Amino acid sequence: MCWIAICHLDSKSPSMEPLSPRRVLWGCNMGWRLNQWTSSDDRVRGGKSQSYLDSRGTAACFHGTLDITTLGGAGFASQRTAGDHLHWDLSSFAGVEVSIDPSQSDDKVYTLILKDEILPPNASNGREQATTSWEYDFSTSNCRPKIDSPIPSSCQSVFIPWDHFKPTYRGKLASTPQGLDLSNIRRVSIMIRSFFGSQHGDFHLHVLSIVAASTAKPAKMPPTVASNGQQDAQVATEAAVSGNGTRDGC
């Protein structure tokens, strides 16, 4: 389900307290610390997609080009946090809230990815070894402005409970006996996939903030939307996964 949220400054750091209400990870008063992000595109597999993350004040723009011709319909581009020293304990929160500016974003499907395990590079080829990724797909169409607002909101958010992140391994939905270790988040990524040719070309997503939160207050919605609200959180994910459960990307 998509909640509307107004991005606000949070000068406190409540991550060590039980039932913490909010913790700004990026954006708002925390900035984006672009030196902690790096690209991870399909060029590592011979593709030609390319992504960038630029700072726009307190916001960031994830943009680039998604190519599907080189790899026969597959393609992905992403920005991820970099560095073995990075670590977040989000165990006192209920989920994560991604706030965007829809007026400066396209309507493509994007993926937020979390990892709780990073292995050292493979000794034989130097490549990073695969581990389980926890993923959630979203787009601007998942978010709805407040119906009582006189003008469309320029800040809309999707709140993602932890149990809505789906485990994948090497691009396929995976079964894992262990859930996501919220006390040991090691990497966060923003990705765009072609979903086997269903989207391609230039892309841009204006991200205002990424915030760990304990609750999200729903905006008022029409009765037809509210009655189906329990399905909203999974719409993008289920629609974008192919019939055999395989996803392009890594």
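Only this structure's heavy atoms are used, side chains among them; waters, hydrogens and symmetry mates stay out. Only a predicted model underlies this, so the values are computations on that prediction, with no experimental measurement involved.
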> Report yes or no: do Trp162 and Val98 belong to one cluster of Ile/Leu/Val/Met/Phe/Trp/Tyr joined by side chain heavy-atom distances under 4.5 Å?
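Yes; Val98 is reachable from Trp162 via cluster members.
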> Between Ser49 and Asp42, do the side chains contain a donor N or O and an acceptor N or O under 3.5 Å apart?
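There is such a pair (donor and acceptor under 3.5 Å, judged by atom type) between the side chains of Asp42 and Ser49.
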> For Leu90 and Leu25, run side-chain contact (heavy atoms from CB on, under 4.5 Å): C-alpha distance rounded to whole Å, both residues' side-chain angles, the deciding distance at 0.1 Å, then the answer.
CA-CA 10 Å; Leu90 305 181; Leu25 301 176; 4.2 Å; yes
> Can you measure from CG (Asn125) to CZ (Arg127) and round to the nearest 0.5 angstrom?
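Going from the CG atom of Asn125 to the CZ atom of Arg127 covers 5.5 Å.
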> For atom NE2 of His204, decide whether the heavy atoms of other residues, nucleotides or ligands shown that lie under 6.0 angstrom number more than 12.
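For His204, atom NE2 is crowded (more than 12 foreign heavy atoms under 6.0 Å).
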> Going by heavy atoms in the side chains, are Pro161 and Phe159 under 4.5 Å from each other?
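The answer is yes, as the side chains (C-beta and beyond) meet within the 4.5 Å cut-off.
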> Drop me the distance from Arg43's CZ to Ser51's OG, to the nearest 0.5 angstrom.
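These two atoms lie 9.5 Å from each other.
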> Salt bridge or not between Glu97 and Arg23? Use side-chain N to carboxylate O under 4.0 Å.
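Judged by the 4.0 Å cut-off on N to carboxylate O distance, Glu97 and Arg23 do not form a salt bridge.
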> Between Asp89 (side chain) and Asn184 (backbone), is there a donor-acceptor pair under 3.5 Å?
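No, Asp89 side chain to Asn184 backbone: no donor-acceptor pair under 3.5 Å.
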> Between Ser194 and Gly75 (side chain of the first, backbone of the second, donor and acceptor by atom type, cut-off under 3.5 Å), is there such a pair?
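Looks like yes, one N/O pair under 3.5 Å.
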> Side chains of Asp107 and Ser139: closer than 4.5 Å at any heavy-atom pair?
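No. Closest side-chain heavy atoms not under 4.5 Å.
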> Just how far is it from atom CG of Leu208 to atom OG of Ser105, taken to the nearest 0.5 Å?
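If we round to the nearest 0.5 Å, Leu208:CG and Ser105:OG are 8.0 Å apart.
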> Hydrophobic cluster membership, with links at side-chain heavy-atom distances under 4.5 Å among I/L/V/M/F/W/Y: are Leu86 and Val188 in one?
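Leu86 and Val188: one cluster.
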> At what distance, to the nearest 0.5 angstrom, does OH of Tyr52 lie from CD of Gln79?
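Between Tyr52 OH and Gln79 CD, I get 10.0 Å after rounding to 0.5 Å.
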> Short question: side chain of Lys115, backbone of Ser189 - any donor-acceptor pair under 3.5 Å?
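Not a single qualifying donor-acceptor pair exists.
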> Test your reading of the model: is there a side-chain donor-acceptor pair from Thr131 to the backbone of Glu117, 3.5 Å cut-off?
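Yes.
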> Roughly how far, to the nearest 0.5 Å, is the CZ atom of Arg80 from the CG atom of Leu53?
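Atom-to-atom, Leu53:CG and Arg80:CZ are 13.0 Å apart.
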> When you measure from the side chain of Trp37 to the backbone N and O of Trp32, does any donor-acceptor pair fall under 3.5 Å?
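At least one qualifying donor-acceptor pair exists.
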> Heavy atoms, side chains only, cut-off 4.5 Å: are His63 and Asp54 in contact?
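His63 reaches Asp54 side chain to side chain.
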> Nearest 0.5 Å please: distance from the CG atom of Asp137 over to the CG atom of Leu112.
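The distance works out to 10.0 Å.
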> Can you check whether Leu205 reaches Asp106 side chain to side chain, under 4.5 Å on heavy atoms?
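No, too far: nothing below the 4.5 Å cut-off.
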> Show your reasoning for whether ring-ring contact (aromatic ring centres under 6.0 Å, His included) applies to Phe62 and Phe203.
CA-CA 8 Å; Phe62 173 52; Phe203 62 88; 5.0 Å; yes
